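Structure first, then comments.
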Amino acid sequence: MRWRLLASRVIAIDGPAGSGKTSTAKAVAAELELAHLDSGALYRAVTLVMLDAELRLDERRIVEAANSHGVGLRDVHGSFHPFVDGFDVSKVVRSQDVTAQVSQVAALPTVRDWVNGVLRQLVADHPAGAVADGRDVGTVIFPDAILKVFLTASLEERALRRAKQEGRVDIDGDGVARLSRAIQERDTADASRAVAPLVAAPDALHIDTTQLAFGEQVAAVVDKAKPLLGIA
Ligand code: CDP
């Protein structure tokens with residue numbers, strides 16, 4: 001299969017919510033001059049369309065709507081953003097409504113097949129290579145990825161990072177506890193679903209980022225990737 005060959009230029013970064021996959025993948029891609037593909041953003045854009053059209057969890061209609069509303073990832077000045085109906089939906093896909101529903105949508109096999117097809121096509125269109133992040137990039141979407149990374153961090157650290165990312169600077173202890181519960185619920189849903197559950201590939205490089213500075217986790221992936229990509 002063609003995408004199997006192309007996957008030799010893919011770096012897969014998987015892990016639970018808030019482990020730093022997307023920011024790490026973006027920085028690694030910039031340093032190695034590869035495309036960055038955020039598979040979670042695609043699931044979120046599909047969820048947005050499902051919510052807008054009030055489709056509930058009807059997987060056939062959700063995929064039809066994803067096609068008819070042109071859901072996809074588009075290159076915006078060198079970085080891929082989620083699009084719906086020609087609009088950049090990067091911000092709105094991070095809303096609490098979408099976050100609360102996305103794991104249910106991502107559990108639908110027809111939706112997963114559709115997302116996987118979109119990502120494989122994007123990689124086919126970018127033969128220079130890509131860093132893709134998500135939950136099943138190294139296990140299902142690109143099992144032949146040249147490098148697979150599984151990022152983790154403690155639940156508390158992930159909740160604190162998410163609060164910071166969302167600009168919730170005044171969040172108190174209760175707020176962090178609520179965020180931790182929401183993250184844990186999503187992790188449990190993602191790890192226990194029947195299709196493509198969140199799990200590390202057997203050959204993945206595990207990096208616990210709890211105690212690492214952002215630059216250190218990026219460097220750990222870049223250093224491992226360079227010789228595999230033939231970069232000095
Ligand atoms: O950024 P965060 O870690 O909160 O999540 P995300 O990467 O935006 O992914 C949102 C949701 O999409 C996840 O909780 C999963 O339910 C789903 N997802 C998935 O099932 N498989 C992927 N490859 C990527 C995301």
Side-chain angles (χ1 to χ4, degrees), residues 7 10-27 36-51 57 59 62-63 66 71-73 80-82 89-120 122-123 130-143 145 148-155 157-166 168 179-201 204 209 217:
V10 171
I11 296 170
I13 303 186
D14 291 305
S19 57
K21 302 174 302 290
T22 303
S23 45
T24 304
K26 199 172 178 171
H36 167 228
L37 304 173
D38 173 3
S39 60
L42 212 40
Y43 281 106
R44 286 172 178 273
V46 173
T47 304
L48 185 66
V49 164
M50 184 275 288
L51 289 171
L57 293 174
E59 50 188 324
I62 293 173
V63 167
V71 172
L73 297 178
F80 281 81
H81 291 199
V89 293
S90 302
K91 283 217 170 70
V92 65
V93 296
R94 307 293 316 178
S95 70
Q96 287 193 16
D97 283 351
V98 171
T99 302
Q101 297 284 324
V102 63
S103 288
Q104 290 191 63
V105 175
L108 302 170
T110 310
V111 171
R112 298 204 73 81
D113 284 348
W114 185 85
V115 166
N116 295 350
V118 170
L119 290 165
R120 288 171 186 151
L122 281 165
V123 163
V131 185
D133 74 279
R135 303 293 186 289
D136 63 338
V137 178
T139 50
V140 175
I141 313 178
F142 299 111
K148 300 173 189 178
V149 176
F150 197 79
L151 282 191
T152 53
S154 72
L155 182 60
E157 179 64 24
R158 293 191 282 127
L160 287 170
R161 285 180 192 168
R162 197 35 63 92
K164 209 166 143 194
Q165 184 186 20
E166 292 175 357
R168 295 156 76 175
L179 203 48
S180 295
R181 274 197 298 279
I183 287 177
Q184 195 157 36
E185 274 170 25
R186 195 143 58 87
D187 286 350
T188 305
D190 291 341
S192 60
R193 68 178 169 230
V195 187
L198 166 67
V199 63
T209 68
Q217 71 203 44

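In listed order, ligands and their atoms are each counted from 1. The shown structure was predicted, so the numbers you read here are calculated from the model rather than taken from an experiment.
The 4.0 Å heavy-atom shell around ligand 1 contains residues Ala17, Gly18, Lys21, Ser39, Gly40, Tyr43, Arg44, Arg94, Val102, Ser103, Ala106, Arg112, Gly134, Arg135, Asp136, Arg162, Arg186, Asp190, Arg193, ordered by chain and number.
Partners of Tyr43 by ring pair (Phe, Tyr, Trp, His ring centres under 6.0 Å), not counting sequence neighbours: none found. Among residues two or more places apart in sequence or in another chain, the side-chain hydrogen bond (donor to acceptor under 3.5 Å, both in side chains) test is passed with Glu185 by none. With sequence neighbours left out, the salt bridge (Lys or Arg N to Asp or Glu O under 4.0 Å) criterion links Arg44 to no other residue.
Asp136 and Arg193 are not joined by a salt bridge, as no carboxylate oxygen comes within less than 4.0 angstrom of a charged side-chain nitrogen.
Note: Asp133 CG to Ile11 CD1 = 12.0 Å, rounded to the nearest 0.5 Å.
Looking at Arg112, its side chain never comes within 3.5 Å of a backbone N or O of Ala107 through a donor-acceptor pair.
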